[in-house]
Novice: 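Dropping a structure here in structure tokens format, bear with me for questions.
Within every chain, numbering begins at 1; the chains are lettered A, B, ... in the order of the sequence lines, protein sequences first and strands thereafter. From a predicted model like this one, the values you see are computed outputs, not experimental measurements.
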Amino acid sequence: MKIGFRLNGAETTVDVTPMARLLDVLREDLRLTGSKEGCGEGECGACTVLIDGKAVNSCLVPVVQVRGASVKTVEGLAEDGRLHPVQQAFIDHGGAQCGICTPGFVVAAAELLERDPNPDAVTIREALAGNLCRCTGYQKIVDSVARTLASAEEAGR
Amino acid sequence: MAGASTHSPHIGSGFVRADGPAKVTGAALYVDDVRPDDCLYGATVRSPVARGRLLGLKKDPAFDWSDVVIATADDIPGENVVALMTDDQPVLATGELRHVTEPVALIAAPSRDKALAAVRHVEVLYEALEPLFDPTESATSPIRIFGDDNVFSRLEMVHGDGLDALGRAESAGAKVITGTYTVGLQEQLYIECQGMIATPRDDGGVTIFGSMQCPFYIVKALKRVLGHEKLNVVQAVTGGGFGGKEEYPSMVAAHAAVLALKTGRPVKLIYRRDEDLQATTKRHPAIMTYSTAVDPETGELQAASVDLLFDGGAYNTLSPVVLSRAILHALGPYAVPHVKLDALMVATHTPPNGAFRGFGAPQVMFAAERHMDRIARELDLDPIALRRANLYRDGDVTPSGQTLFDVASIEVLDRALEAAEKPLPPSLVPTRPGGGQAAGRRASGRGVAIAWHGCGFTGNGEAALKGKADVSLDGDRVVIHTASTDIGQGTDSIFPAIVADVLGIDVERVSNAPHDTADVPDSGPTVASRTAMVVGGVVKQGAEKLLAALRAEVGLGDEADFDTLLAARKSDATLRVRAEYEDKGAQWDPETYQGDAYPTYGWSCMVVDAEIDTDTGEVLYRRLVQATDVGKALNPVLAAGQLEGGALQGLGYATSEAVVLDAQRRMRNDRLTNYIIPTTLDAPPMETVLVEFPFADGPFGAKGIGEIPHDVPAPAVAAAIEQATGAVLDTLPMTPEAVLAALEAMEAGEGAA
Amino acid sequence: MMTSQAPVHTPASIAEALSLRAAHPEAWLLAGGTDIMVYLEAHAIDPPGFIDLWQVADLRGIDAGADHIRIGACTDYTAIIDDADCQKHLPTLVEAARTVGARQIQNRGTIGGNIANASPAGDTMPVLLALDAIVELQSEKRGLRSVPLADFYTGYKRTVMAADELIAFVRIPKPSAADRLHFRKVGTRMAQSISKVVLGGRLRFDGDTVSEARLGWGSVAATPVRSTIAEQMLVGKPLSAQSISDAVAALAGDITPIDDVRSTADYRKSVARRILRSWLETLAG
């Protein structure tokens, strides 16, 4: 089945079986391997992408459901060669360790920052509760997101 | 060091990690992100039974086998053994099946779906045999799993008048206090599952690429499996290890290699999460009994006797080394003059247990710290004062006879308590979706526990291994060649900073060569809190040797800085030097377990604030403060990140990470939805105090820090539960079910009274 | 990964969905996919086809009427959490929605899907039972019919839905000022948690007297259930130590929890009693 959608800003058409997982279409058919598979059942959040601006687990989305939608993956967060502010914050404040969960975290954090550019720690924790990390204990991830706005403003000056 | 440099040192600053940009953009390539042309997908056929006689395989005739290759033990070119400590574990089972999920055969197919489908259409035929599951019966059971007596390792340590000191102290007025403490399995739960790609080489050999901690372990194992040395092992970006990718990857690599050689094509073997949870190594369960003679007035520990029983599972793996670390840490960070310690590691028909952060220490330190709380309870002493009175100080002697230096015990206790005294803004504490906020149903408690942790290999392990590192000059760039892998802890960022500071240059000019055993020397495995402290020291020597070699080449002295030396070079040939671990003269007797057990020790105090929901037995973490001695923080951000991650893994061990087994001892909760690791909402806000008591032989004074944060969160939680509710829990994990049962038992007792 | 090769029908309207439903009774209805995709991955199901309701706009949205709030079956949890009417009138539903998985699941999981999936552990079912929610089923032949949620489940993973029907809406009577609402989910962690016990409660007071009691439960029986025996212990009298103890004791006759990989029957029974007592005692003051 031919399925068309916007992927990281570009019109894309794939010819795949409709119940294929969006994650597999991204990783195997389109070779965008930034979205990771940690569990295959929507628990770990490593495969998080944005569909029409909303964070979802791409392992739980049959590709048929993105017809006409706009999909953004971790590869599409940076614009014009500049990292998304939350990506830079993860680098600056120790938000990434082994890194396998990091793409999912930065995508989920990007959704949060879109609706709340300066979230408090509790809001951040609730927004990122669908992403599992085993390296950091989460403190540096929460700090990274909390400092994103300040860091970006500092860099902008 | 170069004198003329004006560049500011990297070490001690929060320089950003080298792999940060690749990881935040998704560009970093983990093994599953790589797909060689023409690659086949591997899968593993496993034993459905805990113990049985293997009779063969039955393929479903209705299935399309035309594009599927099956490999069995007959396809192994060399020996059917995963070489590690002993040769007991086969690559593929023949004859007897010794644990559920034991690999029996391998599948290669053109797609992952097809390979997995093929596995489901192979039936393992067996005759069931009576299994042995109970570790307390293992050593006396007529059922044989390992050797003559199912004992992987038996250790004994005696210090002072250890043998009859308890009785003597008791007759002199001491109180003898006895308790038994039990811990269950724990899964490492790296977020990236195990995975390898094996690619046939033109010379008949094979290249292994994958997720691993220890490339040379795989080399050692594959030499035997292949029967030759035509192989190289390359680390992919690795999504967490925690010990789980120390020894098990040798198995995965051997399987991928056997399939690649049989098919002549690259084979990609990536575990599914359920397979990874069911089949791979876990933390050893243990039963630990402590008897301690204590002065009832002062709380002074006078003598102790300890019995440790660890369950190794069906194969030896690294279990003897785990037991070694367990016995050496058994009494926790407390001085006891007269000691007798006995430790036993036995075999059972369960999936083998193996390396996991802490490596035996979290088990015994749970017991040791719960035992201190028991002593405080029975003698009505303040638990913190009791600890303070008995903590090791500089100059104290351990049960192995080692005299301690750089002891930060009191400092970490004081600093942690001081930090925890400051109020935490409530805005930092995660709220709980789902109600149950009523304060009356919550009981608050604070628990404190203290750890010591031997950094690096036990005894003369480093001297025997002689870890190596190369440093090379390529144009005006410097390259580090080690087998020390970055599994998230930041090694690939720390080593360049060390080299850059020695050379007086910017870290941007220093990089790591790929961790490919065709190029890098054997630096030893990435384990045991040894990488920064030991290999980092070797890398530092390598940088110093490179500088010396440059000076010699161009004939300039100490006043010339690195760029001056470069400018003076007449050749642009690559300059490469090798450094090797230098024996520091540690004295260690592996027969008596006496001597310098570790090069040095780290110290840590954990303070856990928790609320116990007395309706449900749930433990809600409000705050975790730790003060941990790191010797020297090579990078404070990375160091704190390690310590916080380890602490949360320890909180998981404390209350949520139960492994549920079925009748064949297969893990039933083999998914992330039912093996419960903490989320952002379960993790408390964390405050980390870095204490620096430098280790003279560590690079810039650094001590190993990778494991210590996992050692005592669990006993701190148990102490918090006890303080909040009075319930005493001496078994891990302290699930809500266990806590509620303890609360209800207390209520029933009160009702009866 | 195990990709289903089954065909997928993609209606754009309710009418089209209903006629596809009538034509393909064997096909599974697909909403947010957060359960079906997990079952597929685990090889637990192998449906011959799917009808994808995700792009049927008429099945989404929240309408607040005078007496009821009507929620389209394909409304996702985030929409419920963010909706001002739900926040005002159905705070326990919003609270329950916040505990469904975490953000990524809430962005995708739908209330109709949760009801149709018929899991005994569905997080919002106990609240909907307590609120006397009504499921509006629709078919091409018979149009709309209303079934109280309390009558919707007939057994483990079984419902009264006919093969040609789909859930179109959920209609929830607005609680009155005399209602006291409660939600409590007990899982093993605070997010991404499948419940061990869930309680949704509603007590209506006439002065001091409890005039109506609804106690909805999850994970304590083969389906989401109301504890009607315990409810009866509370009705027609003021809340008292006696009535609370009677209701708590009566729970034993209402719930039949089991041992499973997540918890034990004993724990579930005990926790059900304790969280019920806890709430009622708080209400009694």
Novice: Which atom names give the shortest non-hydrogen contact between A:C98 and B:V237, and what distance separates them?
Specialist: O-CG1, 4.4 Å
Novice: Does CZ belonging to A:R82 count more than 12 external heavy atoms closer than 6.0 Å?
Specialist: no
Novice: Measure across A:V122 and B:L428 and return the closest heavy-atom pair with its distance rounded to 0.1 Å.
Specialist: CG2-C, 4.3 Å
Novice: Does any heavy atom of chain A fall under 4.5 Å from the side chain of B:L672, the backbone, both, or neither of them?
Specialist: both
Novice: With chain B, which of A:Q88, A:E75, A:E43, A:E126 has the greatest number of heavy-atom pairs at distances under 4.5 Å?
Specialist: A:E43
Novice: Does any heavy atom of chain A fall under 4.5 Å from the side chain of B:P684, the backbone, both, or neither of them?
Specialist: backbone
Novice: Which answer fits A:H84, side chain, backbone, both or neither, if we ask what part of it has an atom under 4.5 Å from a heavy atom of chain B?
Specialist: neither
Novice: Measure from the side-chain N and O atoms of B:R273 to the backbone N and O of A:G40, and report whether any donor-acceptor pair falls under 3.5 Å.
Specialist: no
Novice: Under 4.5 Å, heavy atom to heavy atom: which of residues 64-74 of chain A reach chain B? Give them by number, or say none.
Specialist: A:V74
Novice: Which answer fits B:F15, side chain, backbone, both or neither, if we ask what part of it has an atom under 4.5 Å from a heavy atom of chain A?
Specialist: neither
Novice: Below 4.5 Å, heavy-atom pairs only: which of B:V16, B:I191, B:T238 has the largest tally toward chain A?
Specialist: B:I191
Novice: One thing to verify: whether A:K140 and B:E644 come together as a salt bridge, which I'm taking to mean a side-chain N less than 4.0 angstrom from a carboxylate O.
Specialist: yes
Novice: Under a 3.5 Å distance rule, please check whether A:Q97 uses its side chain to pair with a backbone N or O of B:Q489 as donor and acceptor.
Specialist: no
Novice: With a 4.5 Å cut-off on heavy-atom pairs, point out which of B:T25, B:L189, B:L648, B:D33 contacts chain A the most.
Specialist: B:D33
Novice: Could you tell me which portion of B:L651 (side chain, backbone, both or neither) has an atom closer than 4.5 angstrom to a non-hydrogen atom of chain A?
Specialist: neither
Novice: For the pair B:K23 (side chain) and A:I100 (backbone), establish whether a donor and an acceptor sit closer than 3.5 Å, ignoring hydrogens and angles.
Specialist: no
Novice: What are the two closest non-hydrogen atoms of A:Y138 and B:A683, and how far apart are they?
Specialist: CD1-CB, 3.7 Å
Novice: Do you know which of B:G488, B:G641, B:G26 has the most heavy-atom pairs under 4.5 Å to chain A?
Specialist: B:G488
Novice: Taking B:R35 first and then A:E28, would you say they form a salt bridge - that is, a charged N and a carboxylate O separated by under 4.0 Å?
Specialist: yes
Novice: For the residue pair A:R125 and B:P685, what are the closest heavy atoms and their distance?
Specialist: NH2-CA, 3.7 Å
Novice: Counting only non-hydrogen atoms closer than 4.5 Å, does B:A640 touch chain A with its backbone (N, CA, C, O), its side chain (CB onward), both, or neither?
Specialist: both
Novice: Looking only at heavy atoms, which two atoms of B:Y30 and A:K36 are closest? And how far apart?
Specialist: CD1-NZ, 3.5 Å
Novice: Could you measure the distance from the CD atom of B:Q642 to the OG1 atom of A:T136? Nearest 0.5 Å is fine.
Specialist: 10.5 Å
Novice: Can you tell which part of B:D32 gets under 4.5 Å to a heavy atom of chain A, answering side chain, backbone, both or neither?
Specialist: both
Novice: With only heavy atoms counted, which part of A:A78 is less than 4.5 Å from chain B, the side chain, the backbone, both or neither?
Specialist: neither
Novice: If you define the side chain from C-beta out and look only at heavy atoms, does anything of B:Y190 sit under 4.5 Å from A:C135?
Specialist: no
Novice: Could you check whether any side-chain heavy atom of A:R134 comes within less than 4.5 Å of a side-chain heavy atom of B:I677, counting everything from C-beta outward?
Specialist: yes
Novice: I'd like to verify something: which residue of A:L77, A:N131, A:L128, A:D120 has the highest number of heavy-atom pairs under 4.5 Å with chain B?
Specialist: A:L128
Novice: Are the charged groups of B:R671 and A:E41 less than 4.0 angstrom apart, N to O?
Specialist: yes
Novice: Can you tell me if B:R17 uses its side chain to pair, donor with acceptor, with the backbone of A:G94 under 3.5 Å?
Specialist: no
Novice: In terms of heavy-atom proximity below 4.5 Å to chain B, should A:L83 be classed as side chain, backbone, both, or neither?
Specialist: side chain
Novice: Count the heavy atoms of every other residue, nucleotide or ligand shown that sit under 6.0 Å from CD of A:E11, and state whether that count exceeds 12.
Specialist: yes
Novice: When only pairs under 4.5 Å are counted, which of B:L638, B:T680, B:I270 shares the most heavy-atom pairs with chain A?
Specialist: B:T680
